[in-house]
Amino acid sequence: MRLATWNINSVRLRINLVLDFLTSADIDVLCLQETKTEDKHFPAEAFTEAGWPHHAIRGEKSYNGVAIIARKPVTAISHRDWAGREDCRHISAQVEGGIQVHNFYVPAGGDVPDREANPKFGHKLDFLSEMTSYFAANRPERSVLVGDLNIAPLPEDVWSTKQLKNVVSHTDIEREGLIRLMNDGSWHDVVRAYFGAAEVLYSWWSYRARDWAASNRGRRLDHVWTSLDLADSVSDVQIHSDLRGAEKPSDHVPTVITIAD
DNA sequence: ATGGTGGGTCACCCA
């Protein structure tokens, strides 16, 4: 089974890019973030016609929005509210193979890494803390956690750990928080495990660069974690960096894992 | 130090 996560930054604008990716990468389960549309406008028919007829979607107007798109049935669709808000940043469902999928869009956190000066940063930290408490109390089994977690935890997850030290997404408190979520929540970073500690990995490049590929100032903000019981079932991992160079690209690229059926 | 670009909706929000 091949499972992908992708912050698509408007599923309606990029539906053809997504469909091409599903086909060419032979994806069974696709988790999207930043779909940016209400459920009634979600392009469900296009996915169905292309061969992915099973959907768990949770969107709102203009902002956020998450979805799980699959070839085979998805069941037990649910979500939780985090940090006291009902924004559409989480959906979970069971997919083929009895695998429980949690799909998250963690708040970006604004520009200033200080919860007093910038409430968005406080929201991000609160969201992270609640995830940590939840998964510490509800230890995942036969589960996958994916999404745009908006944190690059390791020096090898950014173009310059020194220059991003005080930049939201790579501050110490966020990095430590994400590691704590992984450890206390009993999750395993299969992408980092597959490529090794020394490999520099990015899944996002800003739109605000003259030439994203030439400057290559990326960050690994998108993650795929498995519960510990599935850690040895992952046989392949790919980050589709080439899609950052697509026509009208998302600023994020898909990450794909192959997991034993 | 600053501003750079892009998406959604319709004067600004968000990333």
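Keep in mind that the numbers below use all heavy atoms, side chains included, and drop hydrogens, waters and symmetry copies. Within every chain, numbering begins at 1; the chains are lettered A, B, ... in the order of the sequence lines, protein sequences first and strands thereafter.
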DNA chain B base-pair string [pairs: Watson-Crick or G-U under 3.5 Å; |: paired with another strand]: ....((((...))))

Pair Leu230(A)-Arg142(A), side-chain contact (heavy atoms from CB on, under 4.5 Å): steps then yes or no: CA-CA 6 Å; Leu230(A) 292 182; Arg142(A) 205 160 176 77; 3.5 Å; yes

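- On the nucleic acid side, DNA chain B contacts chain A at distances under 4.0 Å to non-hydrogen atoms, with the end points of that region at dG4(B) to dA15(B).
- Between Glu174(A) and Ser169(A), the side chains place no donor N or O within less than 3.5 Å of an acceptor N or O (distance only, hydrogens not considered).
- You'll find the side chain of His102(A) reaches within 4.5 Å of the side chain of Phe135(A), heavy atoms only.
- Using modelled atom types and a 3.5 Å distance limit, the side chains of Tyr105(A) and Asn150(A) yield no donor-acceptor pair.
- Heavy atoms of other residues, nucleotides or ligands lying less than 6.0 angstrom from CD of Glu141(A) number 12 at most.
- Between Leu164(A) and Trp159(A), the closest side-chain pair of non-hydrogen atoms falls below 4.5 Å.
- Taking the C1' atom of each, dC10(B) and dC14(B) are spaced 15 Å apart, rounded to whole Å.
- Proximity of residues 207-220 of chain A to DNA chain B (heavy atom under 4.0 angstrom from any strand atom) is restricted to Tyr207(A), Arg208(A).
- Residues Ser186(A) and Pro140(A) are in side-chain contact: their nearest non-hydrogen atoms beyond the backbone lie under 4.5 Å apart.
- Residue order along DNA chain B, read from the 5' end via each residue's closest nucleotide, puts Ser206(A) first among Val11(A) and Ser206(A).
- The side-chain heavy atoms of Arg71(A) and Trp52(A), taken from C-beta on, include a pair separated by under 4.5 Å.
- A donor-acceptor pair under 3.5 Å is formed between the side chain of His90(A) and the backbone N or O of Arg80(A).
- One P atom belongs to dT9(B), the other to dA15(B), and the distance between them is 16 Å to the nearest Å.
- dA11(B) and dG7(B) have their C1' atoms separated by 15 Å, given to the nearest Å.
- Legend: residues meeting salt bridge (Lys or Arg N to Asp or Glu O under 4.0 Å) with Asp148(A), ordered by chain and number and at least two apart, are absent.
- Residues satisfying the side chain to side chain contact (heavy atoms under 4.5 Å, CB included) test with Pro119(A), not counting sequence neighbours, are none.
- Hydrophobic cluster membership of Ile173(A), counting Ile, Leu, Val, Met, Phe, Trp and Tyr whose side-chain heavy atoms lie under 4.5 Å apart directly or via other members: Phe121(A), Leu125(A), Val168(A).
- When the salt bridge (Lys or Arg N to Asp or Glu O under 4.0 Å) test is applied to Asp81(A), the partners found at least two apart in sequence or on another chain are Arg58(A).
- Heavy-atom distances to DNA chain B give each of Lys248(A) and Asp148(A) a nearest nucleotide, and the one nearer the 5′ end belongs to Lys248(A).
- Of the residues in residues 108-124 of chain A, those with a non-hydrogen atom less than 4.0 angstrom from any atom of DNA chain B are Ala108(A), Lys120(A).
- Scanning for salt bridge (Lys or Arg N to Asp or Glu O under 4.0 Å) contacts around Glu130(A) gives an empty result, with sequence neighbours left out.
- When the C1' atom is used for both dA1(B) and dC12(B), the distance is 25 Å, rounded to whole Å.
- Against DNA chain B, the stretch residues 149-161 of chain A makes no heavy-atom approach under 4.0 Å.
- Listed by first and then second residue, the salt bridge (charged side-chain N to carboxylate O under 4.0 Å, His left out) pairs that reach into residues 100-117 of chain A are Arg115(A)-Asp126(A), sequence neighbours excluded.
- In this view, Arg220(A) and Asp157(A), Asp189(A) satisfy the salt bridge (Lys or Arg N to Asp or Glu O under 4.0 Å) rule, not counting sequence neighbours.
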